[in-house]
Amino acid sequence: MQIIILPEIFGRTSFITALETQFLDREFAVQTLDPLGGKQPVFDNEQQAYDHFMNECGYDGYLDLLLRTVKETEGPMFLIGFSVGASTAWRILENVAYASRIKRFVGFYPGQIRHYLSVHPICPATLVFPKTETHFSVQDVMKSVAEKDSVTCYQSDAGHGFLNPSSVNFVPELSTKFLAAFKDSNPEHIGDGLDYYLSTSFQKTVCR
């Protein structure tokens, strides 16, 4: 099982490195798709990070990076995405050429999927939404995607970016607990600890 991590606009944060290390320490096959190409700039605020991301990569650039990676990766894959990384993964989930080898996708605060609500994933997809978003109704988006057969939705009481130490909405407890979810996992059952984390940390949304 190949694990692919898709970071948000901040790129390789300490959280992303810690997550990758969790897998590497257990000799899992893992790779991180860094939209900033390995650069680790320090941002004063989220808007600055967003502007830098758009200049360095952009939404379609990130999509191209993911498509190339999936095409070049052998065997089954497990995708974990955050914010724009989650939304980017979502865009390929109904494409049989790529999604047929994705055993599962888990995405946290994927705000941009509001522009891709017509996507119908052909692989299991789990989405974790924040309590609110500035530019759209979280409830409306959850209602739309949770009606799809292969999608499971959860909602947090925290804000967008709650796992990211670079975010103003960072919640250390949720981040630490998330990393610990993989402590005793193995490549073939990587989702077991993760599912426990999701069910004990967030509210499951039932729309069908």
Side-chain angles (χ1 to χ4, degrees), residues 3-23 32-59 61-63 65-66 79-91 105-116 125-142 145 151-182 194 197-205:
I3 301 166
I4 299 178
I5 302 172
L6 294 100
E8 52 192 291
I9 57 175
F10 292 88
R12 182 180 282 278
T13 62
S14 59
F15 167 75
I16 293 297
T17 297
L19 177 59
E20 184 182 67
T21 300
Q22 283 279 38
F23 297 129
T32 297
L33 303 191
D34 187 350
L36 304 186
K39 300 175 184 177
Q40 294 180 285
V42 177
F43 303 110
D44 293 331
N45 52 60
E46 203 152 326
Q47 183 61 50
Q48 190 179 84
Y50 174 79
D51 292 341
H52 186 79
F53 164 78
M54 293 302 291
N55 288 330
E56 289 290 317
C57 183
Y59 298 126
Y62 206 169
L63 178 64
L65 175 61
L66 175 59
L79 272 57
I80 306 177
F82 306 91
S83 192
V84 68
S87 301
T88 299
W90 173 264
R91 294 174 65 182
F105 160 65
V106 179
F108 290 84
Y109 30 90
Q112 289 293 318
I113 71 168
R114 68 187 187 274
H115 301 302
Y116 305 99
T126 302
L127 302 173
V128 183
F129 290 90
K131 185 175 183 178
T132 61
E133 289 278 13
T134 303
H135 302 295
F136 65 94
S137 166
V138 171
Q139 294 299 327
D140 288 348
V141 172
M142 284 196 301
V145 297
V151 178
T152 301
C153 289
Y154 291 88
Q155 187 173 20
S156 173
D157 287 331
H160 186 112
F162 56 80
L163 295 175
N164 178 13
S166 299
S167 172
V168 295
N169 294 317
F170 179 52
V171 180
E173 180 182 356
L174 288 175
S175 185
T176 299
K177 190 177 177 183
F178 173 77
L179 293 174
F182 303 101
L194 178 59
Y197 166 76
L198 295 171
S199 65
T200 58
S201 301
F202 311 111
Q203 179 67 43
K204 190 173 184 179
T205 301

Pairwise side-chain contact, [X] with [Y], heavy-atom cut-off 4.5 Å (strictly under):
{"X": "T152", "Y": "L198", "result": "no"}
{"X": "L174", "Y": "S156", "result": "yes"}
{"X": "I9", "Y": "F43", "result": "no"}

Is there a donor-acceptor contact under 3.5 Å from the side chain of [X] to the main chain of [Y]?
{"X": "Q22", "Y": "L179", "answer": "yes"}
{"X": "T21", "Y": "T17", "answer": "yes"}
{"X": "E8", "Y": "V84", "answer": "no"}

Exercise. Only one of F10, F170, F162, F178 clears ring pair (Phe, Tyr, Trp, His ring centres under 6.0 Å) with F15; which?
Worked result: F178
Roughly how far apart are [X] [atom1] and [Y] [atom2], rounded to 0.5 Å?
{"X": "L127", "Y": "W90", "atom1": "CG", "atom2": "CH2", "value": "5.5 Å"}
{"X": "I5", "Y": "L19", "atom1": "CD1", "atom2": "CG", "value": "4.0 Å"}
{"X": "L6", "Y": "S83", "atom1": "CG", "atom2": "OG", "value": "11.5 Å"}
{"X": "T88", "Y": "L33", "atom1": "OG1", "atom2": "CG", "value": "9.5 Å"}

Exercise. Mind checking whether Y59 and Y50 have parallel, tilted or perpendicular rings, split at 30° and 60°?
Worked result: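 Because their plane-to-plane angle lies in the 30° to 60° range, the rings of Y59 and Y50 count as tilted.
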Exercise. Do the ring planes of F202 and Y197 sit parallel (below 30°), tilted (30 to 60°) or perpendicular (above 60°)?
Worked result: perpendicular
For this session: Please test C153 against F129 for side chain to side chain contact (heavy atoms under 4.5 Å, CB included), starting from the C-alpha separation and ending with a verdict.
Result: CA-CA 8 Å; C153 289; F129 290 90; 3.9 Å; yes
For this session: Apply the side-chain hydrogen bond (donor to acceptor under 3.5 Å, both in side chains) test between Q155 and each candidate in Q203, K204, Q139; give the one that qualifies.
Result: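 Output: one option passes, namely Q139.
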For this session: Could you tell me whether R114 and E133 make a salt bridge, using a distance below 4.0 angstrom between a side-chain N and a carboxylate O?
Result: no
